[in-house]
Amino acid sequence: MKRRLFIAGNWKLNKTAAETTETVADLKAKLADFNGSLDVALFPPFLSIAAGQAAAAGSPIGIGAQNVHFAESGAYTGELSAAMLKEAGIELVIIGHSERRQYFGETNETVNLRTKAALAAGIKPFVCIGETLEEREGGNMESVLKAQIVEGFADITAEQMTNLVVAYEPVWAIGTGVTASPEQAQDTHAYIRSEFAALYGQEVADKVIIQYGGSVKPANVAELMSCEDIDGALVGGASLKADDFSALILNAAALS
Ligand code: PEP
């Protein structure tokens, strides 16, 4: 049984507030005939979130943040707490994106702390996991993913598992134009789900939403989303233009 798909766009360090207003308004118009069969969200930079929320009002497009700190307050220059996000009406947050792991020292432990802080504040985390090319080619893909799951989801309850989204993003497929083949992606998603089954039991694992991310485009989304264990997409480049992102969403929605 397929789970409800969740298609989300990570804008990374792109789009001012004015550009966000324009793109979200355009996307909203292009989704006028959207059948509502899947969930949709965009993650603009922090300072563009309010513009995104205003432009998305009355549409099915959720607006989230790209990061959250785990502390409630304190000496963490440049960070924002979960309570601050919540007060700003933010209910979705990406945690542990590979760029944050690579450039900002994010570890499985900090991913875990941020995930728990978001959940405690009633914010849905989109927790990113994924292996590098070196790890895959060295035969370490499963051990890397297992550590990301066991350490990144430590102390997360079964109930909380059904209130978050896991995003599997092979690092070698992010922004490279190289997509995992549907077979490669399905095999890895099935492995990830089996690790959640080992931790939480099959019934819970069967409910966990596992997105795929890595060069997802309008042309390949249907094939990927048709795979049994792929429950949506976290999209970078193809979420930046309303034309591309609306086509991608509508192609996925046409499957259900
Ligand atoms: C991402 O950054 O999460 C991503 C998947 O990027 P892209 O779609 O551009 O590969």
Side-chain angles (χ1 to χ4, degrees), residues 5-15 19-20 23 27 38-46 48-49 52 61-68 92-106 108 111 114-115 118 124-136 141 144-145 148 152 164-182 184-186 188-189 192 209-225 227 229-252:
L5 298 180
F6 204 133
I7 305 284
N10 172 16
W11 279 0
K12 313 188 183 188
L13 205 170
N14 292 290
K15 294 196 188 282
E19 290 165 345
T20 297
T23 307
L27 181 64
L38 49 78
D39 292 315
V40 179
L42 277 172
F43 295 86
F46 278 126
S48 301
I49 287 175
I61 309 163
I63 302 288
Q66 296 173 17
N67 188 26
V68 62
L92 313 168
V93 66
I94 296 174
I95 294 175
H97 190 276
S98 63
E99 287 149 18
R100 295 219 46 97
R101 293 178 189 257
Q102 186 179 355
Y103 304 128
F104 302 101
E106 195 85 73
N108 293 339
V111 166
R114 290 178 205 268
T115 301
K124 185 191 282 288
F126 287 60
V127 185
C128 302
I129 60 173
E131 82 288 356
T132 63
L133 189 58
E134 203 182 5
E135 289 161 346
R136 177 175 275 256
M141 182 188 79
V144 167
L145 292 174
Q148 290 175 340
L164 55 74
V165 172
V166 178
Y168 167 60
E169 301 203 305
V171 180
W172 45 273
I174 297 181
T176 58
V178 181
T179 318
S181 68
Q184 272 175 321
Q186 165 56 28
T188 313
H189 278 239
I192 293 167
I209 304 292
I210 309 176
Q211 293 178 320
Y212 171 77
S215 300
V216 180
K217 310 272 181 244
N220 61 17
V221 69
E223 210 181 3
L224 286 160
M225 295 308 115
C227 298
D229 287 292
I230 301 182
D231 311 317
L234 185 54
V235 184
S239 70
L240 290 169
K241 289 193 185 137
D243 268 351
D244 292 339
F245 200 42
S246 60
L248 193 156
I249 292 165
L250 294 173
N251 288 352

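Just so you know, ligand 1 is whichever comes first in the structure, and atom 1 is the first atom listed for that ligand. Only a predicted model underlies this, so the values are computations on that prediction, with no experimental measurement involved.
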Give the atoms of ligand 1, by number and element, whose distance to some non-hydrogen atom of [X] is under 4.0 Å.
X	result
Lys12	1 (C), 2 (O), 6 (O)
His97	1 (C), 2 (O), 3 (O)
Ile174	1 (C), 2 (O), 4 (C), 6 (O), 10 (O)
Gly214	5 (C), 10 (O)
Ser215	7 (P), 8 (O), 10 (O)
Leu234	5 (C)

Find out whether Arg100 and Ile94 are in side-chain contact, i.e. whether some heavy atom of one side chain is under 4.5 Å from a heavy atom of the other. no
Pairwise side-chain contact, Asp244 with Lys217, heavy-atom cut-off 4.5 Å (strictly under): no
Has [X] got a side-chain atom pairing as donor or acceptor with [Y]'s backbone, closer than 3.5 angstrom?
X	Y	value
Arg114	Pro125	no
Glu223	Asn220	no
Arg136	Met141	no
Trp11	Ser239	yes

Could you tell me the residue and atom name of the protein heavy atom closest to [atom], and the distance to it rounded to 0.1 Å?
atom	answer
atom 9 (O) of ligand 1	Gly237 N, 2.8 Å
atom 3 (O) of ligand 1	Glu169 OE2, 2.7 Å
atom 8 (O) of ligand 1	Gly236 N, 2.8 Å

Using heavy atoms and a 4.0 Å limit, tell me yes or no: is Ala173 in contact with ligand 1? yes
Looking at Ile49 and Gly64, what are the two nearest heavy atoms and their distance? CD1-O, 3.6 Å
Classify the ring geometry between Phe6 and Phe126 as parallel (under 30°), tilted (30 to 60°) or perpendicular (over 60°). perpendicular
Counting only heavy atoms closer than 4.0 Å, does ligand 1 sit against the backbone of Ala238, its side chain, both, or neither? neither
